[in-house]
Colleague: 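Here it is, the structure in full.
The chain is numbered in sequence order, starting from 1.
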Amino acid sequence: MSPESVSGRLIVDDGVSSWQYEPSLHLAIRGPSVAGRPTGPDPGEVTRRYLTAVLGMEEVIGRQTVVLAMEPRSGGASRRYWVDIVTGVVLRLEERDIGGEIVFTSFFTRISYGLNLPAALFRFNLPAGARVLSFRLTGDPVGGPEDLRRRARFGITVPAELPFGYRYAEGAVARRGAATTA
């Protein structure tokens, strides 16, 4: 919903392929699934790299959450997580700059859980008149960010340190005509 430039963005990912619709550009992008193999961070690495604190309990979309704060020991942006105490799902996330000002927030406005989700939830309906870009992966999987940058033949921004919960798992180059993404 916010900022306005991404309001209404739709992502449908069935674990095999994904569609992303960008309403401000009236553009649909089809590509491989962005869902990866489920992995968790190494707890030892988390405690070495981050100071963590439980800030309390809050309700988010009618669900009880525990509020966690994480700050890198080396300084920099901090994060707050609102974690559903029943499911472990992060229902809200805030990233703050070094001065404590919120620079990014993400949250659910509604959520439901079920094991038997209908296939229709993962069917993408292309809006009338939308332009479509389809990306396909090319070549072998890429071994690391530097290799990805070399194969893509354009500058890829690689952070010096990945935020908590993120790790480089794999990469690939996708091309469609003159357009390339990595």
Side-chain angles (χ1 to χ4, degrees), residues 1-7 9-15 18 20 22 29 31-115 117 137 141-152 154-174 181-182:
M1 296 184 322
S2 176
E4 193 173 314
S5 61
V6 297
S7 179
R9 180 178 290 172
L10 174 66
I11 300 171
V12 177
D13 191 318
D14 64 6
S18 71
Q20 295 189 42
E22 179 60 57
I29 301 168
S33 172
V34 296
R37 291 177 293 278
T39 59
D42 171 21
E45 182 66 17
V46 172
T47 56
R48 283 190 293 279
R49 292 177 51 190
Y50 294 89
L51 298 169
T52 59
V54 175
L55 300 181
M57 305 287 284
E58 286 185 26
E59 191 172 291
V60 175
I61 62 169
R63 301 187 66 86
Q64 196 63 26
T65 66
V66 62
V67 184
L68 303 172
M70 297 189 70
E71 184 176 315
R73 291 183 186 273
S74 60
S78 64
R79 287 189 173 191
R80 290 189 183 172
Y81 298 88
W82 284 255
V83 182
D84 185 323
I85 62 171
V86 174
T87 64
V89 172
V90 176
L91 297 177
R92 180 176 175 164
L93 163 73
E94 289 179 355
E95 188 168 317
R96 297 166 181 255
D97 64 18
I98 200 153
E101 296 293 319
I102 297 173
V103 294
F104 173 82
T105 188
S106 173
F107 57 90
F108 283 92
T109 56
R110 68 179 188 264
I111 191 168
S112 61
Y113 299 96
L115 296 176
L117 298 174
L137 297 180
V142 179
E146 289 305 319
D147 190 23
L148 188 59
R149 183 184 315 212
R150 184 177 49 74
R151 290 187 191 196
F154 62 86
I156 298 172
T157 303
V158 179
E161 185 172 298
L162 293 174
F164 166 72
Y166 291 89
R167 66 176 180 77
Y168 179 83
E170 61 186 76
V173 175
T181 187

Colleague: From Arg110 CZ over to Leu91 CG, what is the distance, rounded to the nearest 0.5 angstrom?
Modeller: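 With rounding to 0.5 Å, CZ (Arg110) is 14.0 Å from CG (Leu91).
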Colleague: Hey, is the main chain of Leu93 close enough, under 3.5 Å, to the side chain of Thr105 for a donor-acceptor pair?
Modeller: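 Answer holds: yes.
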Colleague: Between side-chain atoms of residues 55-70 and protein atoms elsewhere (two or more places apart, or another chain), which donor-acceptor pairs fall under 3.5 Å?
Modeller:
unit_1: Glu58; atom_1: OE1; unit_2: Trp82; atom_2: NE1; d: 3.1
unit_1: Arg63; atom_1: NE; unit_2: Asp84; atom_2: OD2; d: 2.3
unit_1: Arg63; atom_1: NH2; unit_2: Asp84; atom_2: OD2; d: 3.1
unit_1: Thr65; atom_1: OG1; unit_2: Glu58; atom_2: O; d: 2.7

Colleague: Identify, with sequence neighbours excluded, every residue that meets side-chain hydrogen bond (donor to acceptor under 3.5 Å, both in side chains) alongside Glu71.
Modeller: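 In terms of side-chain hydrogen bond (donor to acceptor under 3.5 Å, both in side chains), with neighbours along the sequence ignored, Glu71 is linked to no residue.
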Colleague: Using the salt bridge (charged side-chain N to carboxylate O under 4.0 Å, His left out) criterion, which residues pair with Arg96? Sequence neighbours excluded.
Modeller: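 Testing Arg96 for salt bridge (charged side-chain N to carboxylate O under 4.0 Å, His left out), a comparison that skips the adjacent residues, returns Glu94.
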Colleague: Would you compute the distance between atom CD of Glu95 and atom OG of Ser106 and round it to the nearest 0.5 angstrom?
Modeller: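 Rounded to the nearest 0.5 Å, the CD-OG separation comes out at 11.0 Å.
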Colleague: For residues Gly76 and Ile98, report the shortest heavy-atom separation together with the two atoms involved.
Modeller: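 Closest pair (atom of Gly76, atom of Ile98, distance): N-CD1, 3.9 Å.
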Colleague: Working to the nearest 0.5 angstrom, can you tell me the gap between Thr47 OG1 and Arg73 CZ?
Modeller: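 CZ of Arg73 is found 7.0 Å from OG1 of Thr47.
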Colleague: Which heavy-atom pair separates Ser78 from Pro72 by the least distance, and what is that distance?
Modeller: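 Distance-wise, the nearest heavy atoms are CA-CD, 4.3 Å.
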